[in-house]
Amino acid sequence: MPEQFSDNSMINEVFAVGRQYPDLPAYEFMGFRRSFRAFECDVRAAARAFFALGIRRGDRVMLSLPNVPQAVVLFYALNLIGAVACMTHPLSSAEEMAELLGSAKPRAFVTLYQFYEKFRPVLDEYKPEFTILTGPADALPAVLAKALSFREKIPPKGTGLLRYNEFLRRGKASPSDYEYSGRGGDVAAVLYSGGTSGKTKGILLTNLNFNAQAQLTAEAGDCLIPNTKFLAVMPIFHGFGLGVCIHTALLGGVTCLLVPRFTVASYAKLLKKRRPNYIAGVPTLFEALLRLPKTEKLDLSPLRGVFSGGDSMLP
């Protein structure tokens, strides 16, 4: 058991690990790897861009994204300037998003191009100052993006409506004092849960919450080794996905294999193709995997750790 949990901001903990292993991949997405060194550059660029928009310590920004690199980069960029990331499900209905926007009152909203039209009436009503749109191509080298034939539907221009690359360009002229030295007790994120009542509630989580979870998870598993792979399929807008598949992995120098969406069948294929060293899930997922045909033939020898949460596991 750790004698003392880190009182640092989350991102400074990640940066410290990255300086130990600058050339190791921090994440992999659609076959593209990004080193810890490059990841730090991406986070700093996004932090400067938020700062250029006027986002400051304590301001809220809503990220409605699946497990794509931009979700990870922007989450830590907000942490670097002391802002609060409100993590929401991109498949939320317009009515659900209206409730969340009304409660959080974020200064900016970030989502994928494909979800913009669904959320547009709600955004027009609640009027965040900036809406930033992105897509998979923004996270990939131009050659790879072109080869994968991404075709994003470009929304009409509007006040405060920014494409991701335009957002980043705003930060190039940002002053150098954008960084805030956050501490453990600072609120870092708001995650949403229906809990036992079924009514969505925002849960405030601090840097210390995330750092302690990562330290305890690593200590309990005693299996995280740098330059290994963690299959990050649990959603980044949930505490399990964000705290274990992302923050715990990065603090261990482990590569996050980012998967935006999955089914039980595709999860099994990922185990076969990507050969991760660590996986995470809820008991119902693991039980469904065991019922799949040919599951017994999967080679699970690369696995060093399996993390389960949310309910008790059947023996």
Side-chain angles (χ1 to χ4, degrees), residues 9-19 22 25-29 32-88 90 106-113 128-142 145 152 160-182 186-190 207 210 232 236-237 242 246-247 250 256 258 260:
S9 66
M10 287 186 294
I11 188 54
N12 282 328
E13 288 290 292
V14 173
F15 283 170
V17 173
R19 285 159 193 157
Y27 70 78
E28 183 178 323
F29 177 66
F32 173 64
R33 293 182 175 184
R34 197 70 167 159
S35 71
F36 272 93
R37 180 188 287 111
F39 177 67
E40 176 170 345
C41 292
D42 294 341
V43 170
R44 291 190 178 279
R48 286 193 296 270
F50 277 128
F51 199 84
L53 297 184
I55 306 298
R56 297 293 185 269
R57 178 190 176 191
D59 288 343
R60 295 183 175 188
V61 173
M62 188 166 283
L63 305 182
S64 190
L65 297 165
N67 291 18
V68 294
Q70 298 94 313
V72 183
V73 168
L74 296 181
F75 172 73
Y76 284 113
L78 291 169
N79 191 244
L80 186 58
I81 61 175
V84 179
C86 301
M87 312 297 287
T88 60
R107 293 193 59 197
F109 179 84
V110 187
T111 194
L112 297 184
Y113 289 105
E129 295 170 50
F130 300 96
T131 296
I132 301 162
L133 302 179
T134 188
D138 291 332
L140 299 170
E152 306 290 4
L161 186 62
L162 300 172
R163 297 182 67 182
Y164 193 70
N165 289 337
E166 183 183 355
F167 159 71
L168 292 178
R169 283 197 294 271
R170 296 282 186 100
K172 290 184 177 179
S174 182
S176 59
D177 60 350
Y178 62 90
E179 186 172 348
Y180 169 71
S181 298
D186 294 338
V187 174
V190 180
N207 287 297
F210 283 102
I236 194 171
F237 44 81
L242 183 56
I246 304 297
H247 194 55
L250 291 176
C256 302
L258 298 175

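Only this structure's heavy atoms are used, side chains among them; waters, hydrogens and symmetry mates stay out.
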**Request:** Work out which heavy atom in F75 is nearest to a heavy atom in L63; give both atom names and the distance.
**Result:** N-CD1, 3.8 Å
**Asked** Is there a side-chain contact (heavy atoms from CB on, under 4.5 Å) between Y178 and R44 once you walk through the steps?
**Response** CA-CA 9 Å; Y178 62 90; R44 291 190 178 279; 3.2 Å; yes
**Prompt:** Shortest non-hydrogen contact from L258 to P260?
**Reply:** O-CD, 4.0 Å
**Request:** Supply the atom-to-atom distance D186 CG to S181 OG, rounded to the nearest 0.5 angstrom.
**Result:** 10.0 Å
**Asked** Any donor-acceptor pair under 3.5 Å linking the side chain of R34 with the backbone of D42?
**Response** no
**side-chain contact (heavy atoms from CB on, under 4.5 Å) between V73 and F39, worked out** = CA-CA 7 Å; V73 168; F39 177 67; 3.8 Å; yes
**Request:** Go through Y180 and R56 one step at a time and tell me if the side chain to side chain donor-acceptor pair (under 3.5 Å) criterion holds.
**Result:** CA-CA 9 Å; Y180 169 71; R56 297 293 185 269; over 6 Å; no
**Prompt:** Would you find a donor on one side and an acceptor on the other, under 3.5 Å apart, between the side chain of Q70 and the backbone of G135?
**Reply:** yes
**Asked** Do you know the tightest heavy-atom contact between P66 and A71?
**Response** O-CB, 3.5 Å
**Prompt:** Any side-chain heavy-atom pair from V14 and I11 closer than 4.5 angstrom?
**Reply:** yes
**Asked** Is the closest side-chain heavy-atom distance between L80 and E40 below 4.5 Å?
**Response** no
**Prompt:** Hey, are the side chains of V61 and F130 touching, using non-hydrogen atoms and a 4.5 Å cut-off?
**Reply:** no
**Message:** Taking I236's backbone N and O only, do any of them form a donor-acceptor pair with N67's side chain (distance below 3.5 Å, no angle check)?
**Reply:** yes
**L65 side chain near T134 side chain, heavy-atom distance below 4.5 Å** = yes
**Prompt:** Among all residues two or more places apart in sequence or in another chain, which pass the side-chain hydrogen bond (donor to acceptor under 3.5 Å, both in side chains) test with Y76?
**Reply:** H247
Please list, one pair per line, the donor and acceptor atoms closer than 3.5 Å that link side chains of residues 161-172 to other protein atoms, with sequence neighbours excluded.
residue: R163; atom: NE; partner: Y113; partner atom: OH; Å: 2.9

**Message:** Rounded to the nearest 0.5 Å, what separates atom CZ in R37 from atom CZ in R19?
**Reply:** 11.5 Å
**Prompt:** Which atom pair, heavy atoms only, marks the closest approach of A26 to F36?
**Reply:** CA-CE1, 3.7 Å
**Message:** Within the 4.5 Å heavy-atom criterion, are I246 and Y27 side-chain neighbours or not?
**Reply:** no
**Donor-acceptor under 3.5 Å (S64 side chain, T111 main chain)** = no
**Prompt:** Are any non-hydrogen side-chain atoms of T131 and F109 less than 4.5 angstrom apart?
**Reply:** yes
**Message:** Could you report the tightest heavy-atom contact between N207 and M10, atom names first, then the distance?
**Reply:** OD1-N, 3.0 Å
**Side-chain heavy-atom pair L78, V84 within 4.5 angstrom cut-off** = no
